[in-house]
S.K.: 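Input: one structure, supplied below.
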Amino acid sequence: MTSRMSIPTPSRVTSLRILGIDPGSVRTGYALVDFAAQRFVHVYSGHLALGQGEMSGRLGRIHASVAELIAQYAPDVAAVESVFVQKNVSSALKLGQARGAAISALACAGLSVAEYSPAKVKQSICGGGRADKQQVNFMVRRLLGLGEIPQEDEADALAVAICHAFHLPPAGRRVSA
């Protein structure tokens, strides 16, 4: 796993820890965000650089890495970006397999998994479903108070986690440790 940002895991009393995943067959972004009292705290984020090797090996790395994140950071819930299909069906199938590997690890850990379309994530973060990557990155940095610019897949995973927090029912926004 490649990570650029990390803080020690804080003692959580009334926060909800959300694991956001931006799946990809070449690079998969991940992010852990604590959400409490309408505020976000960045816990840990990065991306898996999977390369161009055999697909089965890449899928195995996604599953194992997501399972490792769950074991280390104990998220309460998870959210994954859904597949966006333009013209390349082969790419969409590979993306679907990468999503499946991540979702499988989440399900094996007993986490509830929400899925959001790229347009829904952009709308939640920026107010419009056609926001570009730079607008999403800016809002993610602002909402989390990040000094560094996150890598693209990492920023997308952070956006997925934040999007999920915005869509939780009020009763689901608080968890006791």
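Predicted model only: the values in this text are computed from it and were never measured.
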S.K.: How long is the straight-line distance from OG of Ser15 back to CZ of Arg39, given to the nearest 0.5 Å?
M.R.: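 Answer for the CZ-OG pair, Arg39 versus Ser15, is 14.0 Å.
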
S.K.: Tell me, with the steps shown, if Lys133 and Asp156 meet salt bridge (charged side-chain N to carboxylate O under 4.0 Å, His left out).
M.R.: CA-CA 8 Å; Lys133 295 276 187 185; Asp156 289 347; 2.6 Å; yes

S.K.: Please examine the side chains of Ile162 and Ile18, heavy atoms only from C-beta on, and report whether any two atoms are closer than 4.5 Å.
M.R.: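 No - every pair of side-chain heavy atoms lies 4.5 Å or more apart.
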
S.K.: State, to 0.1 Å, how close Pro75 and Leu111 come at their nearest heavy-atom pair, and which atoms those are.
M.R.: O-CD2, 3.2 Å

S.K.: Report the relative orientation of the aromatic rings in Phe40 and Phe166; use parallel for angles under 30°, tilted for 30 to 60°, perpendicular for over 60°.
M.R.: perpendicular

S.K.: Donor-acceptor pair, distance only, cut-off 3.5 Å: does the side chain of Gln135 make one with the backbone of Asp132?
M.R.: yes

S.K.: Given the rule in the side-chain hydrogen bond (donor to acceptor under 3.5 Å, both in side chains) test, do Gln151 and Asp153 qualify, once you have shown the distances and angles that lead to the verdict?
M.R.: CA-CA 6 Å; Gln151 183 272 342; Asp153 298 289; 3.0 Å; yes

S.K.: Minimum heavy-atom separation for Val160 and Ala79, please, with both atom names.
M.R.: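 Nearest heavy atoms, Val160 then Ala79: CG1-O, 3.4 Å.
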
S.K.: Does a side-chain heavy-atom distance below 4.5 Å link Leu158 with Pro150?
M.R.: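 In contact.
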
S.K.: Check whether any side-chain heavy atom of Val43 lies under 4.5 Å from a side-chain heavy atom of Val33, and answer yes or no.
M.R.: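 A side-chain contact is absent here, since even the closest heavy-atom pair is not under 4.5 Å.
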
S.K.: Take Lys120 and His167 through the test side-chain contact (heavy atoms from CB on, under 4.5 Å) and record every step on the way to the result.
M.R.: CA-CA 10 Å; Lys120 187 68 156 179; His167 289 89; 3.3 Å; yes

S.K.: Indicate the atoms forming the closest heavy-atom contact of Cys163 with Ser124, along with that distance.
M.R.: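 Smallest heavy-atom distance, with atoms named: SG-OG, 3.4 Å.
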
S.K.: Would a 4.5 Å heavy-atom cut-off, applied to side chains only, mark Pro23 and Leu95 as touching?
M.R.: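 When only atoms from C-beta onward are counted, Leu95 and Pro23 do touch, with a gap below 4.5 Å.
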
S.K.: Would you check if Ser82 and Pro118 make a side-chain contact, meaning some heavy-atom pair closer than 4.5 Å?
M.R.: yes

S.K.: Please examine the side chains of Arg17 and Leu32, heavy atoms only from C-beta on, and report whether any two atoms are closer than 4.5 Å.
M.R.: yes

S.K.: Which is it for Lys94 and Ser91 under the side-chain contact (heavy atoms from CB on, under 4.5 Å) test, yes or no, and what are the steps along the way?
M.R.: CA-CA 5 Å; Lys94 288 178 183 176; Ser91 293; 5.7 Å; no

S.K.: Can you name the closest pair of heavy atoms from Asn137 and Ala155 and give their distance?
M.R.: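 For Asn137 versus Ala155, the nearest heavy atoms are ND2-CB, 3.9 Å.
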
S.K.: For side-chain contact (heavy atoms from CB on, under 4.5 Å), just list the numbers for His42 and Leu146, CA-CA rounded to whole Å, side-chain angles, deciding distance to a tenth of an Å, and then say yes or no.
M.R.: CA-CA 8 Å; His42 174 255; Leu146 299 177; 3.8 Å; yes

S.K.: Do the two ring centres, one from His164 and one from Phe35, sit under 6.0 Å apart?
M.R.: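 Centroid separation for His164 and Phe35: 6.0 Å or greater.
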
S.K.: Less than 4.5 Å apart, side chain to side chain, heavy atoms only: is that true for Ile21 and Thr28?
M.R.: yes

S.K.: Among Val41, Asp76, Leu16, find the one that has a side chain to side chain contact (heavy atoms under 4.5 Å, CB included) with Asp34.
M.R.: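 When Val41, Asp76, Leu16 are each tested with Asp34, the side chain to side chain contact (heavy atoms under 4.5 Å, CB included) holds only for Val41.
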
S.K.: Could you check if a side-chain atom of Arg61 sits within less than 4.5 angstrom of a side-chain atom of Leu50, using non-hydrogen atoms only?
M.R.: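 In short, these two side chains touch, coming nearer than 4.5 Å.
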
S.K.: To the nearest 0.5 Å, what is the distance between CZ on Arg58 and CD1 on Ile62?
M.R.: 8.0 Å

S.K.: If you group Ile, Leu, Val, Met, Phe, Trp and Tyr by side-chain heavy-atom gaps below 4.5 Å, do Val26 and Val80 land in one group?
M.R.: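 Shared cluster, no.
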
S.K.: Which pairs of donor and acceptor atoms, one on a side chain in residues 97-107, lie under 3.5 Å apart (sequence neighbours left out)?
M.R.:
from: Arg99; atom 1: NE; to: Glu81; atom 2: O; distance (Å): 2.8
from: Arg99; atom 1: NH2; to: Glu115; atom 2: OE1; distance (Å): 2.2
from: Ser104; atom 1: OG; to: His63; atom 2: NE2; distance (Å): 3.4

S.K.: Rounded to the nearest 0.5 Å, what separates atom OH in Tyr44 from atom CD in Glu154?
M.R.: 9.5 Å

S.K.: Applying side-chain contact (heavy atoms from CB on, under 4.5 Å), run through Tyr73 and Leu19 and close with a yes or a no.
M.R.: CA-CA 9 Å; Tyr73 291 97; Leu19 171 58; over 6 Å; no

